[in-house]
Amino acid sequence: MNTNPAWFYNEIQHSGVDYSDPAQVAVYDQRHEKFRDYEKTTAAVIQRLALGPEHTVIDIGAGTGAFALHIARRCKWVYAVDVSQAMLAYARQKAERAGLHNVSFCHGGFLSYEHTCEPADAIVSAAALHHLPDFWKQVGLRRLTAMLKPGGKFYLFDIVFPGDLDGYEARFDAWEQDIREKTNVEFAAEVATHIRDEYSTFDWVMEALLERAGFQIDAAEYGEGFGATYICTRP
Ligand SMILES: C[S@@+](CC[C@H](N)C(=O)[O-])C[C@H]1O[C@@H](n2cnc3c(N)ncnc32)[C@H](O)[C@@H]1O
């Protein structure tokens, strides 16, 4: 039973792309693998967070489990958390096929997941935090800080927008076109949905949110396009 007050953000019915739709989940990996190299990215995350066989990791907004399953091959235990039951079911099947038995699949999100076990050594989150408006991002990030051991690491990847708005229309058009060329028109439509309906914030807001949540930002990297990577430590 939902005991949240009426004003509480409903993260299960978030705006934007509907990841509770099994049809959406079925095409997710296929689309994303066209322009993301999960294996390479996860290998870099494992190295940068210095993760090893003794470590437990939470992947929040785990989706189809791309990060969670790669990390599970190197670490002791992974908690794959997502608000979408369809995503979790898909990720669980992938883990079974891969013979991985050290992943817990947990229904919940930034605002609702309760980590009742020992605090984790690391948290990773890729392309999920933008589903929350900024106020709720801050609430969620503060909750994550509390789930980490002191000295624990946080890897965050998300789409964030530059503070300099000059020429933003052309940059958004170019992003949409790039995705259309690399994938298809359906995925390009998701880019438009992302910009219009989801809550990617400014780079300077994201950095402030992380610091105010109690993280020390060890690296903030803004590459081509709108992808941003943050490596943080809970002091
Ligand atoms: C774009 S997918 C990213 C999945 C995966 N991390 C990846 O990089 O491929 C966004 C995921 O965030 C999940 N999500 C949306 N709102 C969330 C929330 N408040 N807490 C946790 N996960 C959320 C969605 O269900 C979806 O699986």
Side-chain angles (χ1 to χ4, degrees), residues 2 4 8-45 57-72 78-95 103 105-115 122-144 147 154-160 179 183 186-187 189-195 197-201 209 225-230:
N2 181 6
N4 287 330
F8 201 85
Y9 189 76
N10 184 352
E11 64 177 350
I12 307 290
Q13 283 185 338
H14 56 270
S15 62
V17 178
D18 180 12
Y19 292 112
S20 65
D21 175 2
Q24 184 67 246
V25 174
V27 295
Y28 184 89
D29 278 350
Q30 211 183 319
R31 280 184 186 168
H32 279 249
E33 272 164 9
K34 290 208 169 113
F35 70 102
R36 294 170 76 183
D37 186 341
Y38 283 121
E39 199 163 346
K40 190 171 157 203
T41 309
T42 335
V45 172
V57 180
I58 300 169
D59 180 359
I60 186 126
T64 54
F67 279 63
L69 304 196
H70 281 304
I71 291 172
V78 176
Y79 299 87
V81 180
D82 205 288
V83 294
S84 159
Q85 293 279 25
M87 281 290 198
L88 288 172
Y90 189 93
R92 190 181 287 110
Q93 275 181 11
K94 269 170 66 176
V103 187
F105 294 92
C106 313
H107 187 227
F110 291 98
L111 305 177
S112 55
Y113 172 63
E114 298 287 350
H115 190 66
I123 300 178
V124 301
S125 184
L129 189 60
H130 67 264
H131 285 289
L132 296 179
D134 285 357
F135 177 86
W136 297 104
K137 283 190 188 76
Q138 185 74 99
V139 173
L141 287 170
R142 277 163 56 107
R143 295 184 80 250
L144 293 193
M147 294 176 204
F154 178 40
Y155 163 89
L156 174 67
F157 169 81
D158 212 342
I159 300 298
V160 303
I179 294 292
T183 61
E186 287 83 17
F187 200 18
E190 276 186 27
V191 169
T193 302
H194 181 113
I195 297 167
D197 300 335
E198 299 180 9
Y199 300 104
S200 275
T201 194
L209 291 172
F226 299 104
T229 299
Y230 304 89

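Indexing begins at 1, ligand by ligand and atom by atom, following the structure's order. Predicted model, so just to flag it, every value in this text is computed and none were measured.
Near F110, meaning under 4.0 Å from one of its heavy atoms, ligand 1 places the atoms 18 (C), 19 (N), 20 (N), 21 (C).
A donor-acceptor pair under 3.5 Å links the side-chain atoms of E11 to the main chain of F110, judged by distance alone. Panel note: side chain S200, backbone H130; no donor-acceptor pair is recorded below 3.5 Å. Under the 3.5 Å distance criterion, the side-chain polar atoms of K137 are matched with a main-chain donor or acceptor of Y199. The main-chain N or O of Y113 is found under 3.5 Å from a side-chain atom of R143 such that the two form a donor-acceptor pair. With hydrogens and angles ignored, the 3.5 Å screen pairs a side-chain donor or acceptor of D82 with a backbone N or O of A62.
Ring centers of Y38 and H70: at least 6.0 Å apart, outside the cut-off.
The shortest N or O to N or O distance between H32 and ligand 1 is not below 3.5 Å. Considering backbone and side-chain atoms alike, Y38 places an N or O below 3.5 Å from some N or O of ligand 1. At least one N or O atom of A126 sits closer than 3.5 Å to an N or O atom of ligand 1. At least one N/O-N/O distance between R36 and ligand 1 falls below 3.5 Å.
Residue contacts with ligand 1, taken as heavy atom pairs separated by less than 4.0 Å, involve L132 solely via side-chain atoms from C-beta onward. Residue contacts with ligand 1, taken as heavy atom pairs separated by less than 4.0 Å, do not involve A66 at all. Using a 4.0 Å cut-off between heavy atoms, A62 contacts ligand 1 through its backbone alone, with no side-chain atom that close. At a heavy-atom cutoff of 4.0 Å, ligand 1 is contacted by the side chain of Y19 but not by its backbone. Of all the heavy atoms of Y28, the ones lying under 4.0 Å from any atom of ligand 1 belong exclusively to the side chain.
Within a 6.0 Å sphere centred on CZ of R92, heavy atoms belonging to other residues, nucleotides or ligands number more than 12.
With respect to atom 23 (C) of ligand 1, the closest heavy atom belonging to the protein is V83 CG2, 3.6 Å. With hydrogens left out, the protein atom closest to atom 27 (O) of ligand 1 is D82 OD2, 2.7 Å, a heavy atom. Counting only heavy atoms of the protein, atom 16 (N) of ligand 1 lies nearest to H131 CB, 3.4 Å. Looking only at protein heavy atoms, the nearest one to atom 19 (N) of ligand 1 is E11 OE1, 2.7 Å.
In this structure, of G61, G63, S15, the residue bringing a heavy atom nearest to atom 6 (N) of ligand 1 is G61. Taking all heavy atoms of A91, A128, G109 into account, the minimum distance to atom 20 (N) of ligand 1 is reached by G109. The nearest non-hydrogen atom to atom 10 (C) of ligand 1, considering only G65, G140, A127, comes from A127.
Taking 4.5 Å as the limit, every side-chain heavy atom of F67 sits out of range of all side-chain heavy atoms of S125.
The shortest heavy-atom distance from M87 to ligand 1 is under 4.0 Å.
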- request: Would you sort out whether V17 and E198 count as a side chain to side chain contact (heavy atoms under 4.5 Å, CB included), showing the intermediate values?
  value: CA-CA 8 Å; V17 178; E198 299 180 9; 3.5 Å; yes

message: For V139 and Y9: C-alpha separation, side-chain torsions, deciding distance, then whether side chain to side chain contact (heavy atoms under 4.5 Å, CB included) applies.
response: CA-CA 10 Å; V139 173; Y9 189 76; over 6 Å; no

